[in-house]
Amino acid sequence: MPTRRAALRAGAAVLAAGAAPARAASRPVALGSAAEIGAFRSDPRYREALKRYCDIVVPMNDLKWDALRHERAGFDFAGADEIVAFAEANGKALRGHTLLWGEALPPWVGEMTTRAEAERELTRHIEVVVDRYKGRIATWDVVNEVIKYDPTSGGPWRDTVWQRLLGPEHVEIAFRTAARTDPKARLVLNDFHFEERDPGAAARRAVALDICRRLRDKGIPIHGLGMQAHLYAERTIDTEGLQRFMRDLDGLGLDVEITELDVIDWKMPADAALRDKHAAALVASFLGAVASAKRPKAIVTWGLTDRYSWVGETFPRKDGARARPLPLDADYRPKPMLAVLERYRRGTG
């Protein structure tokens with residue numbers, strides 16, 4: 001476990017790295033959060049925080065297959081409709097997450113055995129979901145986490161039921177169907193692990209560019225790339241790699257969106273103030289690297305308050321301290337990370 005002094009030195013270095021690059025032309029960047037339906041229904045402070053701090057709301061889980069498709073024959077839009085109605089009533093934009101993913105699937109999906117069956121169900125699902133929210137959800141994560149974690153070992157594609165039954169064409173089917181169903185929607189390829197200084201992240205950046213380029217070359221609409229940005233506090237940001245990545249996306253005429261930002265602090269010291277300072281510095285470094293080459297279209301955190309986050313359960317700390325991955329603490333008090341995000345929201349970041 002790093003000492004407090006070493007961690008402070010690391011945080012200062014990260015902050016300096018985040019401030020170093022010259023920024024691309026400043027403009028306000030919409031700020032948003034994913035909304036978890038349980039907290040949304042039970043906690044009034046959660047809803048008030050979404051109203052106060054967010055320009056964009058994303059249904060965290062309620063547009064995934066396992067929430068919508070309990071049974072093959074029907075759709076359950078109860079949770080998604082609640083969050084969409086809340087966003088509309090409060091003047092918030094909406095992002096849809098996600099139309100195709102290899103996880104969060106109901107059991108019946110795994111029982112499919114033929115290409116024709118998989119294509120039929122995938123197409124129908126996207127048509128029904130996108131049509132329901134046509135003109136209401138402006139942007140969709142059409143395909144989520146399709147790239148193998150290490151693309152250099154055994155090919156670029158993640159092993160999913162869609163890949164096994166449809167091959168790489170499942171990505172094209174999804175984008176074509178979404179575009180046909182709502183021609184005005186912005187369509188995004190969403191994935192993770194682009195930001196670190198290691199060969200795996202560089203390989204993933206190359207695969208993402210190749211997928212985007214192939215879609216564009218075939219005339220299939222794609223408007224942007226979503227970078228999840230689940231940032232590990234003990235790792236460093238590849239500023240140069242991200243800047244090249246942004247320039248390459250720009251060359252394809254694509255936007256970039258930060259879609260699932262949080263900080264995984266399981267290996268940091270327990271001191272809350274130290275962790276909060278380091279998390280803010282890391283987010284500043286990441287956003288600085290991106291924005292120095294290409295201003296993001298949006299910045300969306302994967303949750304808004306430490307009270308409700310996947311990080312603590314998935315990455316439990318050995319000391320039992322609560323994870324602190326998000327802009328507000330468990331009592332909804334703003335943390336230094338929020339100040340970093342608000343600078344981008346105001347156009348001063």
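The structure displayed is predicted, hence computed values, not measured ones. The figures that follow rest on heavy atoms only: side chains count, while hydrogens, waters and symmetry mates do not. All residue numbers in this chain count up from 1 along the given sequence.
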ring-ring contact (aromatic ring centres under 6.0 Å, His included) partner of Y46, chosen from Y308, Y53, F40 =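 Going through the options one by one, the only one that passes is Y308.
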Do [X] and [Y] come within less than 4.5 Å of each other through their side chains, counting heavy atoms only?
X: P106; Y: H70; answer: no
X: D306; Y: P325; answer: yes
X: P199; Y: T152; answer: no
X: E121; Y: V109; answer: no
X: L100; Y: V146; answer: no
X: S33; Y: L50; answer: yes
X: L274; Y: K277; answer: no
X: L122; Y: T177; answer: no

Any salt bridge linking [X] with [Y]? Criterion: basic side-chain nitrogen under 4.0 Å from a carboxylate oxygen.
X: R72; Y: E117; answer: yes
X: R180; Y: E127; answer: yes
X: R214; Y: D210; answer: yes
X: E103; Y: R158; answer: yes
X: D331; Y: R333; answer: yes
X: R235; Y: D198; answer: no
X: E48; Y: R45; answer: no
X: D329; Y: R322; answer: no
X: R164; Y: D159; answer: yes

What distance separates [X] [atom1] from [Y] [atom2], expressed to the nearest 0.5 Å?
X: R324; Y: R275; atom1: CZ; atom2: CZ; value: 6.0 Å
X: I258; Y: W302; atom1: CD1; atom2: CH2; value: 14.0 Å
X: L242; Y: R197; atom1: CG; atom2: CZ; value: 9.0 Å
X: L341; Y: R346; atom1: CG; atom2: CZ; value: 10.5 Å
X: D238; Y: F286; atom1: CG; atom2: CZ; value: 11.5 Å
X: E119; Y: T114; atom1: CD; atom2: OG1; value: 10.0 Å

note = When L287, L31, V290, V283 are each screened for side-chain contact (heavy atoms from CB on, under 4.5 Å) with Y344, the one that passes is L287
query = Considering the options T181, I173, V128, which one meets the side-chain contact (heavy atoms from CB on, under 4.5 Å) requirement together with T123?
reply = I173
Decide whether [X] and [Y] are clustered together by the hydrophobic rule: side chain heavy atoms of Ile, Leu, Val, Met, Phe, Trp, Tyr closer than 4.5 Å, transitively.
X: W162; Y: L165; result: yes
X: V143; Y: I220; result: yes
X: M227; Y: V207; result: yes
X: I222; Y: W157; result: yes
X: L326; Y: M268; result: no

query = Is NZ or CZ of R47 both nearer than 6.0 Å to the six-membered ring centre of F86 and within 45° of the ring axis?
reply =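 Ring-cation test returns no.
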If only atom types and distance count, is the side chain of [X] paired as donor or acceptor with the main-chain N or O of [Y] below 3.5 Å?
X: R136; Y: V84; value: no
X: S285; Y: A281; value: no
X: R345; Y: A30; value: no
X: K148; Y: S153; value: yes
X: T348; Y: R343; value: yes
X: K92; Y: C54; value: yes
X: R317; Y: D265; value: yes
X: D76; Y: A78; value: yes

At their closest point, which heavy atom of [X] faces which heavy atom of [Y], and how far apart are they?
X: M60; Y: A34; answer: CE-CB, 3.7 Å
X: G102; Y: L105; answer: O-CD1, 3.5 Å
X: R247; Y: A293; answer: CG-CB, 4.5 Å
X: A270; Y: D319; answer: CB-OD2, 3.2 Å

ask   = Only one of R205, Q228, R204 forms a side chain to side chain donor-acceptor pair (under 3.5 Å) with D191, so which one is it?
value =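 Of R205, Q228, R204, side chain to side chain donor-acceptor pair (under 3.5 Å) with D191 is met by R204 alone.
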request  = Identify which one of R186, K297, H223 satisfies the side chain to side chain donor-acceptor pair (under 3.5 Å) criterion when paired with E257.
outcome  =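 It is R186; the other options fail the test.
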request  = Would you please say whether a donor-acceptor pair under 3.5 Å links the side chains of W140 and D182?
outcome  = no
task = Please work out whether the ring planes of F245 and F194 are parallel, tilted or perpendicular, with thresholds of 30° and 60°.
result = tilted
query = Hey, what's the ring geometry for H125 with W65, parallel, tilted or perpendicular (30° and 60° as the breaks)?
reply =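 Rings of H125 and W65: parallel, as their planes differ by under 30°.
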inquiry  = As a quick check of understanding, evaluate side-chain contact (heavy atoms from CB on, under 4.5 Å) for H97 and T259, giving each step before the final call.
reply    = CA-CA 10 Å; H97 178 83; T259 56; over 6 Å; no
query = Would F192 and H230 count as a close aromatic pair, with their ring centres under 6.0 Å?
reply = no
task = Compute the ring centroids of W310 and F315, then answer whether they are less than 6.0 Å apart.
result = yes
inquiry  = Please evaluate residues L63 and I137 with respect to the criterion side-chain contact (heavy atoms from CB on, under 4.5 Å), reporting the C-alpha separation (whole Å), side-chain torsions for both, the decisive distance (0.1 Å), and the verdict.
reply    = CA-CA 11 Å; L63 285 168; I137 292 182; 3.9 Å; yes
task = Before giving the answer on salt bridge (charged side-chain N to carboxylate O under 4.0 Å, His left out), spell out for D66 and K64 the whole-Å C-alpha distance, their side-chain angles and the decisive distance to 0.1 Å.
result = CA-CA 6 Å; D66 61 351; K64 294 174 181 174; over 6 Å; no
inquiry  = Pair E196, Y232 - check side-chain contact (heavy atoms from CB on, under 4.5 Å), show working.
reply    = CA-CA 9 Å; E196 295 175 12; Y232 288 80; 3.6 Å; yes
task = Please identify each residue that fulfils ring pair (Phe, Tyr, Trp, His ring centres under 6.0 Å) with W101, with sequence neighbours left out.
result =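 Testing W101 for ring pair (Phe, Tyr, Trp, His ring centres under 6.0 Å), a comparison that skips the adjacent residues, returns none.
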task = List the steps and the verdict of side-chain contact (heavy atoms from CB on, under 4.5 Å) for I37 and N61.
result = CA-CA 8 Å; I37 192 66; N61 296 310; over 6 Å; no
query = Does atom CZ of R52 have more than 12 heavy-atom neighbours, drawn from other residues, nucleotides or ligands, at distances under 6.0 Å?
reply =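 Incorrect, the count does not exceed 12.
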